[in-house]
Enquirer: 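Okay, handing you the structure first.
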Amino acid sequence: MSPAAFRRIALSMPDAVEGTHMGHADFRVNGKVFATLGWPDKMFAMVKLPLELQDALLRAAPEAFEPASGAWGRQGSTLVRLARADETSLRDAIRSAWQNVAAAKSKARSRKRV
């Protein structure tokens, strides 16, 4: 998987926009980051996954996926070695990250209305 392909998939998610944070690209929905590209270097990306999916990917493809360090990783932030990730797994991971972040934002808005 190339960085360009990761970017294309991330931006194909509804309402996804690209921004930048601390020198690397990030992808947001409703103002919240669901993925980043180029961290810790240009051959990596990160997706914010539900813990169940993170665990499944870590077991299925440990050469491609690993938890981010510390609390971020324990909360679902998952590093992707782009060169080792297949398109199907990565597309599913990006979609899940997008859904996870979009759903969290929707729930927060619903609580405010009550």
Enquirer: Over all heavy atoms of both residues, which pair between P67 and L58 is shortest? Give the atoms and the distance, please.
Expert: CD-CD2, 3.6 Å
Enquirer: Would a 4.5 Å heavy-atom cut-off, applied to side chains only, mark T78 and L53 as touching?
Expert: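 The answer is no; the side chains never approach within 4.5 Å.
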Enquirer: More than 12 foreign heavy atoms under 6.0 Å from CG of D41: is that the case here?
Expert: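 Above 12, so yes.
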Enquirer: What are the two closest non-hydrogen atoms of E87 and R8, and how far apart are they?
Expert: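 It is OE2-NH2, 3.8 Å.
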Enquirer: Could you check whether any side-chain heavy atom of F65 comes within less than 4.5 Å of a side-chain heavy atom of L79, counting everything from C-beta outward?
Expert: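 They are not in side-chain contact.
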Enquirer: For E63 versus R84, what's the shortest heavy-atom pair and its separation?
Expert: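 Reported closest heavy-atom pair: O-CD, 3.2 Å.
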Enquirer: Kindly say whether G73 contributes a backbone atom to a donor-acceptor pair with the side chain of Q54 at under 3.5 angstrom?
Expert: yes
Enquirer: Might you work through the side chain to side chain donor-acceptor pair (under 3.5 Å) test for D86 and S89, ending with a clear yes or no?
Expert: CA-CA 6 Å; D86 69 85; S89 295; 2.9 Å; yes
Enquirer: Any chance you could lay out the side chain to side chain contact (heavy atoms under 4.5 Å, CB included) test for V80 and L90, step after step, and finish with the verdict?
Expert: CA-CA 8 Å; V80 182; L90 193 50; 3.8 Å; yes
Enquirer: Can you check whether L82 reaches P3 side chain to side chain, under 4.5 Å on heavy atoms?
Expert: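 A side-chain contact exists here, since the closest heavy-atom pair is under 4.5 Å.
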Enquirer: Any donor and acceptor pair, going by atom type alone, linking the side chain of W98 with main-chain N or O of P14 inside 3.5 Å?
Expert: yes
Enquirer: Can you give me the closest heavy-atom contact between A16 and A10, atom names plus distance?
Expert: CB-O, 3.3 Å
Enquirer: Could you tell me which non-hydrogen atom of W39 sits nearest to which non-hydrogen atom of F44, and how far apart they are?
Expert: O-CB, 3.2 Å
Enquirer: Taking a hydrophobic cluster as the set of Ile, Leu, Val, Met, Phe, Trp and Tyr residues connected by side-chain heavy atoms closer than 4.5 Å, whether directly or through intermediates, do M1 and L11 fall within one such cluster?
Expert: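 As far as the 4.5 Å side-chain criterion goes, L11 and M1 are connected within one cluster.
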Enquirer: Test of understanding: with side-chain hydrogen bond (donor to acceptor under 3.5 Å, both in side chains), list the residues that count as partners of Q99, not counting sequence neighbours.
Expert: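 Expected list: none.
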Enquirer: Applying side chain to side chain contact (heavy atoms under 4.5 Å, CB included) to L37 and M46, what does each step give before you reach the verdict?
Expert: CA-CA 6 Å; L37 182 59; M46 183 282 302; over 6 Å; no
Enquirer: Rounded to the nearest 0.5 Å, what separation is found between the CZ atom of R7 and the OG atom of S2?
Expert: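 Answer rounded to 0.5 Å: 9.5 Å.
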Enquirer: Between S96 (side chain only) and I94 (backbone N and O only), is there a donor and an acceptor less than 3.5 Å apart?
Expert: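 No, because the side chain of S96 does not come within donor-acceptor range (under 3.5 Å) of the backbone of I94.
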Enquirer: Under the side-chain hydrogen bond (donor to acceptor under 3.5 Å, both in side chains) rule, collect the residues that match up with R81, sequence neighbours excluded.
Expert: E66
Enquirer: So do F34 and N100 actually touch side chain to side chain, heavy atoms under 4.5 Å?
Expert: no
Enquirer: What is the minimum heavy-atom distance between H24 and T36, and which atoms define it?
Expert: CD2-CB, 3.8 Å
Enquirer: Under a 4.5 Å side-chain heavy-atom rule over Ile, Leu, Val, Met, Phe, Trp and Tyr, are M43 and V47 clustered together?
Expert: no
